[in-house]
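Okay, structure first, notes after.
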Amino acid sequence: MDNSEIAALLNNIGDMLEIIGESSFRVGAYRRAANVISALPRDINDIRGDKQGLTSIQGVGKGIAEKLAQLLDTGKMDYYEELKTKLPGSLVELIHIQGVGPKKAKLFYEELGVESVDDLEKALQEHRVKDLPGMGVKTEDNILRGLELYKKQSGRLLLSQAVPAAEKIINYLQKYSDVTEISTAGSLRRWRETIGDIDILAATNKPRQVADEFCNYPDVVSVLAKGETKCSVLLHNGLQVDLRLMKPAQFGSALQYFTGSKLHNIHLRELAKKRGLKLSEYGLFNLAGNKLLAGADEADIYNELGLDYIEPVLREDKGEIEAAAAGKLPDLIKLSDIKGDLHAHTQASDGQSSLEEMAAFAQKLGYQYLAISDHAQTLKVAHGLDLKRFEEQWRQIAELNRQWEDFTLLTAVELNINSEGKTDFPDEVLARFDIVAASIHTGFTQDKERITYRTITAMANPHIDIICHPTGRILDRRPPYAIDLVQVFAAAKKTGTILELNAFPDRLDLNDDQLRAAKRYGVKFAINTDAHHFGHLANMRYGLHTAQRGWLTSADVINTLPIDSLLKSL
DNA sequence: GCCGTTTTCGGCCCGACTGTTTTCAGTCG
């Protein structure tokens, strides 16, 4: 089992313990351990072999370490198996429905025999819930609404749906209402790969007027709640947007609080307490609560706690607070560091734009270079190019390059790694491209050993510079294929092969935790959009923020290099 | 179940809202 699978299992245990009614601190301990392990830069199996062992992991003590050791050694954990006999397998799913927590899940199970989401739906329809102690008609309605929501958005929203929608609303409110400051908050501001709902925070002295304007926003189909501190609306595309209204003097502390993550906030408040202070959404206070130390400005809160400012993308309680205390936060890569894009397709294969259109948009973004990396001959479904067609493309690129002084189209290819680990062209052909990328497009269902072998075999070819979308996952549609990333990272370091961070919003592959792990191995990255239309080149920002979430600096990413250094490094 | 520049035992973040209740439990973020 890998780190993310272990983390998922620990979270599941946390959910089960909560329903059983275990101490919330024990529940929290399992969730913290899960959070830390998901971000671990090393394979947990290796740590198991260390002298200090699993307890060297912050948040893993003797109890969890013993259980994990058994799991890693035998593939089973007695404790988990025992819990599963106490609760039906799908009962934990209930607490992911808005309005249902552990207590109600337990009540429904014990009193109504509800064991799954389907059971609950039936019980609600038959109005068996309202007669339970502490329940009523309104509770029943609330849960029914939560259930509808749960069914509708089983998957969370992609960043690429949420970010533009939020930006439009912010522009609108700035234009038509009296806000002094306004920002996104929540997981959207942290640029998590998927978003639950859109949170927006505004500072104003005229909350009623801002609330009115917000509810009049043209895309609103229904107003769910409207008050002076909070409004919720539903947009016609099904998105829920929450607007929170604050006084300017509290904007910083409110923004800090509503940005989260939950675990980051808990850790920060613990730290405040240790220093004799108290932190809430209303500000940072002395313990007596009568002296305000910070509130209007978010950065002041961190500074008053003795920390460097922590960017929202890092606020996951994955070591950023310790790093900020030690002055060791990374100098995160910025969008302006990106000098070009190394993965783009044209009409020649499965793209929709011409060479000229791609180049024009890349220049508009201020790039020095763009690599045209169409698919090659064996990927028939994408109309891959044979050598003759590539030679024609090279001729066109050379001709176009003559007219620009400070911009270059690079000749590239995205090879397909077949089930034997072989690619489309012999080495003497590969040597003729500026950049050679390779990736897996077929045989997703092969076993871990096989897929890892294919990838590592391709990396061993000295002509192959980059491995694209290394896990093949597509958010909400396709899980990653079975691949041993630890072996891949080690091989990437050894062979000097670059790993791609694919910026396409439903890929983001490698993801944040994987980037951080790979960085520890000394791997270098390319952040590429994999554009199939010139407009897709603008997706770079989704990759960029994912890179930040992976603690990457500009030195970790090769397409921050000017063109001559780039070509030399390849 | 974890952890220690107040502690190896006794703590463990903070506040608001809702719905069901007469003082609070449950849920949420």
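The sequence lines fix the lettering, A, B, ..., with proteins before strands; numbering per chain opens at 1.
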Separation between the C1' atoms of B/dG29 and B/dC13, rounded to whole Å: 12 Å

A/E18 atom CD is separated from B/dG26 atom C1', nearest whole Å, by 11 Å

*If you look at every strand shown and take non-hydrogen atoms under 4.0 Å, does A/E22 touch a base, only sugar-phosphate, or nothing?*
nothing

| Are A/V220 and A/V233 close enough, and set up right, to give a side chain to side chain contact (heavy atoms under 4.5 Å, CB included), and what steps lead you there? | CA-CA 6 Å; A/V220 168; A/V233 300; 3.8 Å; yes

Would you say B/dT18 has OP1 or OP2 under 4.0 Å from some side-chain N or O of A/N142?
no

Worksheet item: Can we say A/K334 and A/D337 salt-bridge, meaning some charged N sits less than 4.0 Å from an Asp/Glu carboxylate O?
Response: yes

To the nearest angstrom, the CG-P distance between A/L17 and B/dG1 comes to 8 Å

Per nearest nucleotide of DNA chain B, the residue lying toward the 5' end, A/E140 or A/H267, is A/H267

In whole angstroms, the gap separating C1' of B/dG4 from CD of A/E270 amounts to 13 Å

**Message:** Could you tell me how far B/dT7 sits from B/dG11 if I compare only their C1' atoms? Round to whole Å.
**Reply:** 8 Å

Test salt bridge (Lys or Arg N to Asp or Glu O under 4.0 Å), reference A/E18, set A/K104, A/R31, A/K106, output is A/R31

Pairing partner of B/dC17, by Watson-Crick or G-U wobble and under 3.5 Å for both distances, is B/dG26

Looking only at heavy atoms, the pair that brings A/N35 and A/K318 closest together is OD1-CE, 3.6 Å

In whole angstroms, the gap separating C1' of B/dT27 from CG of A/L147 amounts to 17 Å

Exercise for the section: Can you tell me, in whole Å, how much space there is between the C1' of B/dT6 and that of B/dG10? Expected result: 13 Å

Does a side-chain N-to-carboxylate-O contact under 4.0 Å join A/R315 and A/E320?
no

Pick the P atom in B/dG15 and in B/dT20, then give their distance to the nearest Å. 27 Å

With sugar-phosphate meaning primed atoms plus P, OP1 and OP2, does A/V36 contact a base, only sugar-phosphate, or nothing at under 4.0 Å between heavy atoms?
nothing

Within the sub-3.5 Å range, which N or O atoms of nucleotides 14-17 of chain B have a protein N or O partner, and how far apart are they?
residue	atom	partner	partner atom	Å
B/dC14	O4'	A/R269	NH1	2.7
B/dC14	O2	A/R269	NH1	3.2
B/dG15	OP1	A/K278	NZ	3.0
B/dA16	OP1	A/Y282	OH	3.4

Here the distance between atom C1' of B/dC28 and atom CD1 of A/I97, to the nearest Å, is 15 Å

Mind checking A/K62 for me? I need base, sugar-phosphate or nothing, with any heavy atom below 4.0 Å counting as a touch.
sugar-phosphate

Does some side-chain heavy atom of A/L544 sit less than 4.5 Å from a side-chain heavy atom of A/I333? yes

Whole-Å distance, A/I143 CD1 to B/dC28 C1', equals 14 Å

Taken to the nearest whole Å, CZ/A/F108 to C1'/B/dT27 is 12 Å

Taking the side chain as every heavy atom from C-beta outward, state whether A/L68 and A/M77 have any atom pair closer than 4.5 Å.
-> yes

**OP:** Give A/K130 one of three labels, base, sugar-phosphate or nothing, depending on what nucleic acid heavy atoms sit under 4.0 Å from its own.
**Re:** nothing

Check your understanding: When all nucleic acid strands are considered with a 4.0 Å heavy-atom cut-off, which category describes A/G186: base, sugar-phosphate, or nothing?
Key -> nothing

Distance between C1' atoms of B/dT8 and B/dC12 (Å, rounded):
15 Å

query = Within the pair A/T139 and B/dT20, is there a side-chain N or O less than 4.0 Å away from OP1 or OP2?
reply = yes

Assert: residue with more 5' nearest nucleotide on DNA chain B, out of A/G61 and A/Q98, is A/G61

Could you tell me whether A/V60 contacts a base, only the sugar-phosphate backbone, or nothing, with contacts defined as non-hydrogen atoms closer than 4.0 Å?
-> sugar-phosphate

*Please work out if A/I266 contacts a base, only the sugar-phosphate, or nothing of the nucleic acid, heavy-atom cut-off 4.0 Å.*
base

Using distance alone, with no hydrogens and no angle criterion, decide if A/D43 and A/N45 have a side-chain donor and acceptor under 3.5 Å apart.
yes

Of all heavy-atom pairs linking A/P312 and A/Y309, the shortest is CD-OH, 3.8 Å

field: Short side-chain N/O contact to B/dG29 OP1/OP2 from A/K230, under 4.0 Å
entry: no

Rounded to whole Å, the CE-P distance (A/M77 to B/dG1) equals 11 Å

